[in-house]
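Here the structure is laid out as structure tokens; the discussion comes afterwards.
Values below: every heavy atom of this structure, side chains too, minus hydrogens, waters and symmetry copies. Bear in mind the structure is a predicted one, so any value in this text is a computation, not a measurement.
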Amino acid sequence: MAFHDDVSLPSGQWKEVTNADVEEIRIQNRSGYQVLLQRSDDAEPSAAGGALEIGSSLVLFHERLDVAWPGASGSRVWAFCEHEATLSVSHA
């Protein structure tokens, strides 16, 4: 299902930023904090190992999941931040 909106992250918790299985995603970090991104199935990631880190303030991440996480499975993307943060997310 296509999605194009802001996603609010709670502090210190993983949150799924996809609403369906996806192959490609665009994420823009609108916060002043580092955000971790993790590929998973529809279950919350059990660890941050292998996560990608996107920097603070307007850093853009646009990639196919199989390119960004070639050794991982799952068609969902989760995000984690130590602080409350806002991401702009778009996927089809």
If only atom types and distance count, is the side chain of [X] paired as donor or acceptor with the main-chain N or O of [Y] below 3.5 Å?
X   : Y   : result
K15 : S8  : yes
R76 : V22 : no
R39 : G74 : yes
T18 : V77 : yes

Looking only at side-chain N and O atoms, does S40 offer a donor or acceptor that is under 3.5 Å from a partner on Q38?
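Checked: Q38/S40 side chains show no N/O donor-acceptor pair below 3.5 Å.
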
E24 and H62: side-chain donor and acceptor closer than 3.5 Å?
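Present: a donor and an acceptor within the cut-off.
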
Are E44 and W78 close enough, and set up right, to give a side chain to side chain contact (heavy atoms under 4.5 Å, CB included), and what steps lead you there?
CA-CA 7 Å; E44 181 177 323; W78 294 70; 3.8 Å; yes

Could you tell me whether the side chain of [Y] reaches within less than 4.5 Å of the side chain of [X], counting heavy atoms only?
X   : Y   : result
V17 : L87 : yes
V7  : E16 : no
I54 : I27 : yes

Approximate separation, where rounding is to 0.5 Å, of [X] [atom1] and [Y] [atom2]:
X   : Y   : atom1 : atom2 : value
C81 : L36 : SG    : CG    : 8.0 Å
R30 : L9  : CZ    : CG    : 12.5 Å
I25 : E23 : CD1   : CD    : 12.5 Å
D66 : S73 : CG    : OG    : 12.5 Å
S11 : E84 : OG    : CD    : 5.5 Å

Mind listing the closest non-hydrogen atom pair of [X] and [Y] along with its distance?
X   : Y   : value
N29 : G55 : ND2-O, 2.5 Å
A79 : L37 : CB-CD2, 3.9 Å
V35 : S31 : CG2-OG, 4.3 Å
A68 : L52 : CB-CD1, 3.8 Å

Of all residues at least two apart in sequence or in a different chain, which pass the side chain to side chain contact (heavy atoms under 4.5 Å, CB included) check with D41?
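Scan of D41 (side chain to side chain contact (heavy atoms under 4.5 Å, CB included), adjacent residues dropped) gives A43.
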
How are the rings of F80 and W14 set relative to one another: parallel (under 30°), tilted (30 to 60°) or perpendicular (over 60°)?
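If you compare the ring of F80 with that of W14, the planes turn out tilted.
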
S90: partners by side chain to side chain donor-acceptor pair (under 3.5 Å), with sequence neighbours left out
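Per chain and number, S90 pairs via side chain to side chain donor-acceptor pair (under 3.5 Å) with H4.
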
Go through the steps to decide whether R26 and S88 satisfy the test side chain to side chain donor-acceptor pair (under 3.5 Å), and finish with yes or no.
CA-CA 8 Å; R26 191 271 299 151; S88 170; 2.9 Å; yes

Assess whether atom CD of E53 is packed by more than 12 heavy atoms of other residues, nucleotides or ligands within 6.0 Å.
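More than 12 heavy atoms, drawn from other residues, nucleotides or ligands, come within 6.0 Å of this atom.
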
